[in-house]
Protein chains: 2
Amino acid sequence: MKIATWNVNSIRTRLEHATNWLKESGVDVLCLQETKVVDELFPREPFEKLGYHLYTSGQKSYNGVAIISRQPMEDISVGFTSILPDVDAKWDEQKRVISGVVDGIRIVNLYVPNGSSIGSEKYEYKLGWLEILKDYLQKQLKSTPNICVCGDFNIALEDKDIHEKAKPATHIMSSDAEREALRENVLKLGFADAFRKFTSEGEHYSWWDYRAASFNRNRGWRIDHHYLTPDLYERATSCTIDIEPRKLTQPSDHTPVTVELSSSK
Amino acid sequence: MKIATWNVNSIRTRLEHATNWLKESGVDVLCLQETKVVDELFPREPFEKLGYHLYTSGQKSYNGVAIISRQPMEDISVGFTSILPDVDAKWDEQKRVISGVVDGIRIVNLYVPNGSSIGSEKYEYKLGWLEILKDYLQKQLKSTPNICVCGDFNIALEDKDIHEKAKPATHIMSSDAEREALRENVLKLGFADAFRKFTSEGEHYSWWDYRAASFNRNRGWRIDHHYLTPDLYERATSCTIDIEPRKLTQPSDHTPVTVELSSSK
DNA sequence: GTTTCAGCCG
DNA sequence: CGGCTGAAAC
């Protein structure tokens with residue numbers, strides 16, 4: 001079973017890229033972020049024609065997540081509050097969370113807030129959001145022990161996940177507090193980074209800023225991840241970044257990352 | 001010698017269409033309107049690579065004209081005031097006029113104001129602009145007797161130049177005053193419509209509104225013209241509208257019109 | 001319907 | 001640099 005994550009930066013603008021890649025890759029589950037469209041306007045048909053089922057949670061202009069699955073999914077939930085009723089509704093105003101179960105695996109698709117700049121209001125929102133995420137994942141773990149949490153985390157956990165020209169400590173997406181929040185609220189629950197099961201060296205990135213020709217210079221960041229619970233981590237047979245879509249004309253600034261899991265016994 | 005006119009509605013957006021059509025058509029002179037770009041940002045190279053010389057007069061966002069010529073042109077002039085120094089500079093604030101001489105023929109490339117709606121301030125501007133045009137053409141005729149005035153005139157001279165659903169008298173581009181202005185300020189100077197030398201029937205159009213599927217229903221207007229002085233009119237061997245570019249994806253709302261002149265003796 | 005812009009966001 | 005908006009132009 002192949003599960004991919006891709007921040008498409010507008011599904012309507014990237015529709016051709018996304019459907020072509022889905023055809024070529026043949027992944028079973030494709031988690032999209034930054035769809036930037038309300039559910040009623042999501043271009044469902046091109047995906048349905050390829051035989052996929054869609055689950056979307058979108059808004060106008062910003063954010064928005066979707067899961068595209070070959071098999072129908074069960075137990076779909078949108079946002080934090082459907083799972084954590086006591087959580088302040090402000091954490092669900094932005095559409096950043098969608099989840100569902102397929103083949104006994106809960107897929108949690110996240111678009112973690114970017115945070116703008118260290119110390120800003122949006123930065124505090126990001127850190128607060130990651131605390132809610134902990135409660136959310138703990139709750140989900142109780143009903144489904146096998147979870148793949150994937151998406152655009154907007155955090156590069158280690159220095160080797162960032163190109164050499166960037167200064168991690170002073171940069172959004174790599175500050176100590178963000179990394180600590182990711183460790184504390186995700187990793188400590190028992191999740192492990194699928195990519196690092198197979199690849200220990202650096203210079204593998206999933207996002208390159210549109211500016212300053214950063215893709216051509218390979219000045220990227222690895223901020224799109226799959227975090228797996230222990231049994232799934234055991235089942236992972238590969239985790240790869242496909243940089244081809246980043247080379248196309250009018251690309252997303254992110255490129256898809258795919259984990260493959262062996263079938264359960 | 002082939003001289004074409006085409007309102008491209010942004011040369012940057014239509015660059016591929018324009019270069020492809022130039023290659024296929026092999027015209028000697030291509031007059032563009034609504035280039036919508038300042039001269040410094042005009043995409044010269046793709047045309048120069050095809051062996052053409054460029055003469056541009058553009059502005060940001062609106063209007064803008066250019067002549068693309070296989071042979072270098074002489075006596076290039078931009079705007080009305082370079083020829084008519086006493087004319088109020090307000091008539092040249094919008095970039096709508098460029099002219100040059102090639103092979104003994106003066107090409108005058110015009111983007112006549114649209115006029116918005118009958119009776120509006122812009123309508124009065126259009127009529128005023130057409131009066132200046134008369135002085136301009138008379139002056140040009142003195143130095144170069146052979147003139148091809150072409151471009152987007154935003155006027156359909158006869159009812160048969162407009163699809164049947166439109167009501168000419170009440171519509172911008174076909175009001176009596178606009179038609180009269182075109183007759184008085186251009187035709188009366190001795191110019192004749194090259195297209196009507198060869199084709200007398202209607203339902204031949206050069207512009208179709210983007211709205212209401214007007215191209216598919218062939219609800220168009222013939223508003224892009226070549227007006228020729230008598231000797232050139234005599235030399236004209238064809239004048240044709242190529243509707244193919246209007247069928248492409250992301251087309252201009254106009255399509256190119258080409259006049260062919262036999263070589264002079 | 002399509003393009004342009006400024007202003008916003010990342 | 002490239003998404004998005006909403007207004008203006010045609």
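Only a predicted model underlies this, so the values are computations on that prediction, with no experimental measurement involved. Per chain, numbering begins at 1; letters A, B, ... match sequence-line order.
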Q: Applying side-chain contact (heavy atoms from CB on, under 4.5 Å), run through E178(A) and I172(A) and close with a yes or a no.
A: CA-CA 8 Å; E178(A) 290 167 87; I172(A) 191 69; 3.7 Å; yes
Q: Take the protein atom CZ of R217(A) and the nucleotide atom P of dC1(D), then report the distance between them rounded to whole Å.
A: 11 Å
(Q) Which residues in residues 9-25 of chain B have a heavy atom closer than 4.0 Å to any atom of DNA chain D? (A) none
Q: Answer whether the closest heavy-atom distance between the side chains of S25(A) and D242(A) falls below 4.5 Å.
A: no
Q.
Looking at D224(B), is its backbone amide N or carbonyl O close enough to the side chain of S206(B) to form a donor-acceptor pair, meaning the two atoms are under 3.5 Å apart?
A. yes
Q: Take atom CZ of R246(A) and atom P of dC1(D), then tell me their distance rounded to the nearest Å.
A: 12 Å
(Q) If I take atom CD in residue E178(A) and atom P in nucleotide dG10(C), what distance separates them, rounded to the nearest angstrom? (A) 13 Å
(Q) Between Q59(A) and dC4(D), is there a contact of a side-chain N or O with OP1 or OP2 at under 4.0 Å? (A) no
Q: Verify whether the ring centers belonging to Y136(B) and F80(B) lie closer than 6.0 Å.
A: yes
(Q) At less than 4.0 Å, is any side-chain N or O atom of K60(B) found next to OP1 or OP2 of dA6(C)? Yes or no. (A) yes
Q | Residue of the set Y210(A), Y205(A), W208(A) for which side-chain contact (heavy atoms from CB on, under 4.5 Å) holds with F215(A) | A | W208(A)
Can you give me the N/O atom pairs linking the protein to nucleotides 8-10 of chain D at distances under 3.5 Å, or say none if there are none?
| unit_1 | atom_1 | unit_2 | atom_2 | d |
| --- | --- | --- | --- | --- |
| dC10(D) | O3' | N114(B) | ND2 | 3.4 |

(Q) I want to know whether W6(A) and H17(A) have ring centres closer than 6.0 Å. (A) no
Q | With sequence neighbours excluded, residues passing salt bridge (Lys or Arg N to Asp or Glu O under 4.0 Å) with E124(A) | A | none
Q: Give the rounded distance in Å between these two atoms: CH2 of W208(B) and C1' of dT2(C).
A: 16 Å
**Q.** salt bridge (charged side-chain N to carboxylate O under 4.0 Å, His left out), paired with R222(B), selected from D152(B), D159(B), D193(B)
**A.** D193(B)
Q: Output yes when at least one side-chain N/O atom of Q250(A) is less than 4.0 Å from OP1 or OP2 of dC1(D), else no.
A: no
